[in-house]
Amino acid sequence: MTVSTPITTPFGAESTAAEVVDGIDLTGRRAIVTGGASGIGVETARALAGAGAEVTLAVRNAEAGERTAADITETTGNKRLLVARLDLADQASVAAFAAQWDGPLHILVNNAGIMASPLMRTPEGWEMQFATNHLGHFALATRLHGALAAAGRARVVSVSSSAHLRSPVVFEDIGFLERPYEPWAAYGQSKTANVLFAVEATRRWAGDGVTVNALMPGGIRTGLQRYVTDEELDRLRRQSGGDGASWKTPEQGAATSVLVATSPLLDGVGGRYFEDCNEAGLNQPGSRRGVAAYALDADSAALLWQVSADMLAA
Ligand SMILES: NC(=O)c1ccc[n+]([C@@H]2O[C@H](COP(=O)([O-])OP(=O)(O)OC[C@H]3O[C@@H](n4cnc5c(N)ncnc54)[C@H](OP(=O)(O)O)[C@@H]3O)[C@@H](O)[C@H]2O)c1
């Protein structure tokens, strides 16, 4: 394994998306933010639009998307906000979204996600968190690869989570067909897949100028916690050494995504995992910070790509 110097930046846990993009001109750049109508997706889109990019909000709920687009236009003065329907759990929807995309794509933020849901399956029988958080974004990015390559130097942002520390991708039973379903294990598996995607996509696509990095945004109160009770949330945060005071605002939660999408400090950099606006080190036992070695493993990343492509082709 080659050891590379970790990327450090002047930003940290409290930095906001507006601060990390300050001074960066995205005029002429085109970006997509999945799940851009709620939570940190809104603030990610707002920061990119504020820097001059054309931003497409790729959303399930077009009305919420239109409201968010109008709000972003009002706060940034940028009128190049577009809304397009995308349901990541529906492969026909992903295909339709990608088919109507025309021209280059400079920034793809794979942000949408669900967390710790009860067992749900897509019509194909795929477990819903893996299908939404990983497979939908895998299909989207691979379908948009031509547009990304056409941009020259494009970036894909893979929004993961420290919850990836809860589970590797269990290749023997990704779909929880043989083992009991556990909502956090399923979420963790899908978030590890988000990191492995960054590793293998960079290996495959860096030659086209496309780099992919993963990140943990921090803990932010959003719609993501809809399946989790307040008591369970408190218990989990105490376990991980956090407390109520350490929640980030959505503007702070969007900062690492925006940094990974735009910072010149990441030019040519891919396949890495960021946290609090800096590259994270390897996770240490007993800590909820850093990246698991299994999430950066090149062989697992290559295997996940193949397995994902096979699932989509079946
Ligand atoms: N908040 C945190 O503390 C935290 C911590 C670590 C990682 N993250 C990650 O950050 C990302 C953003 O989360 P958030 O906190 O901003 O949560 P959020 O407010 O719930 O946003 C998630 C977005 O994903 C969309 N989405 C869900 N399923 C979808 C599907 N099948 N197709 C298309 N879009 C879908 C949701 O759309 P609807 O509105 O239609 O449901 C929503 O807009 C997620 O990937 C999450 O795993 C968040």
Side-chain angles (χ1 to χ4, degrees), residues 13 17 32-46 56-69 83-94 96-97 109-117 120-123 126-140 157-166 183-184 186-195 197-198 214-228 233 236-237 240 242 244 246-258 260 273-276 280 288-289 291:
I32 294 171
V33 180
T34 68
S38 66
I40 65 174
V42 174
E43 299 310 324
T44 303
R46 194 189 312 279
T56 297
L57 307 176
V59 296
R60 276 199 292 203
N61 178 340
E63 276 176 28
E66 294 295 349
R67 275 196 304 277
T68 304
V83 178
R85 269 195 54 77
L86 173 68
D87 183 344
L88 289 159
D90 174 358
Q91 286 303 316
S93 169
V94 177
F97 177 93
V109 187
N110 287 338
N111 164 80
I114 52 170
M115 179 176 81
S117 54
M120 294 186 274
R121 296 193 182 276
T122 66
W126 303 330
E127 186 280 314
M128 191 59 81
Q129 297 191 70
F130 188 79
T132 304
N133 300 352
H134 168 65
L135 269 183
H137 282 128
F138 174 82
L140 180 67
V157 178
S158 190
V159 181
S160 177
S161 167
S162 59
H164 83 273
L165 297 167
R166 292 176 175 276
W184 287 105
Y187 183 61
Q189 167 172 266
S190 73
K191 291 286 136 178
T192 292
N194 291 153
V195 189
F197 171 72
L215 67 106
M216 156 62 173
I220 311 102
R221 289 309 296 251
T222 64
L224 193 71
Q225 291 95 22
R226 73 188 68 167
Y227 296 115
V228 190
L233 214 54
L236 291 169
R237 289 187 69 76
S240 62
S246 61
W247 287 107
K248 289 187 182 184
T249 65
E251 291 84 355
Q252 291 170 332
T256 309
S257 292
V258 172
V260 165
Y273 177 92
F274 291 76
E275 184 170 48
D276 292 340
R288 301 300 297 171
R289 292 185 60 79
V291 60

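What you see is a predicted model, and the numbers here were worked out from it, not measured in a lab. Atoms within each ligand, like the ligands themselves, are counted from 1 in listed order. Excluded from the calculations below are hydrogen atoms, water molecules and symmetry mates; all remaining heavy atoms, backbone and side chain alike, are included.
Of the protein's non-hydrogen atoms, N111 O, 3.0 Å is the one closest to atom 11 (C) of ligand 1. Among all protein heavy atoms, the one lying closest to atom 3 (O) of ligand 1 is I220 N, 2.8 Å. When only non-hydrogen protein atoms are considered, atom 13 (O) of ligand 1 lies nearest to L224 CD1, 4.1 Å. From the protein, the heavy atom lying nearest to atom 43 (O) of ligand 1 is S38 OG, 2.7 Å. At the top of the distance list for atom 38 (P) of ligand 1, counting protein heavy atoms only, stands R60 NH2, 3.6 Å. Scanning the protein heavy atoms around atom 26 (N) of ligand 1, the nearest turns out to be A112 CB, 3.8 Å. Counting protein heavy atoms only, atom 10 (O) of ligand 1 is closest to V159 CG1, 3.4 Å. For atom 32 (N) of ligand 1, the closest non-hydrogen atom of the protein is L88 N, 2.8 Å.
Contacts of F97 with ligand 1, taken as heavy-atom pairs under 4.0 Å, are absent altogether.
Between the side chains of H137 and S158, no donor-acceptor pair is found at a separation under 3.5 Å. Looking only at atom types and distance, the side chain of S160 has no donor-acceptor partner in the side chain of N194 under 3.5 Å away.
For ligand 1, the atoms lying closer than 4.0 Å to a non-hydrogen atom of G219 are 3 (O). Residue contact check: I114 has heavy atoms under 4.0 Å from atoms 27 (C), 28 (N) of ligand 1.
Remark: the backbone N or O of P217 is paired with a side-chain donor or acceptor of K248 at under 3.5 angstrom.
G218 counts as a contact of ligand 1, since one of its heavy atoms falls under 4.0 Å from the ligand. The shortest separation from a heavy atom of K248 to ligand 1 is not under 4.0 Å, leaving the residue out of contact.
The aromatic rings of W184 and Y187 stand perpendicular to each other, their planes meeting at an angle above 60°, with 30° marking the opposite boundary.
Salt bridge annotation for E127-R121: absent, with no cationic side-chain nitrogen under 4.0 angstrom from a carboxylate oxygen.
Every N/O-N/O distance between N61 and ligand 1 stays at or above 3.5 Å.
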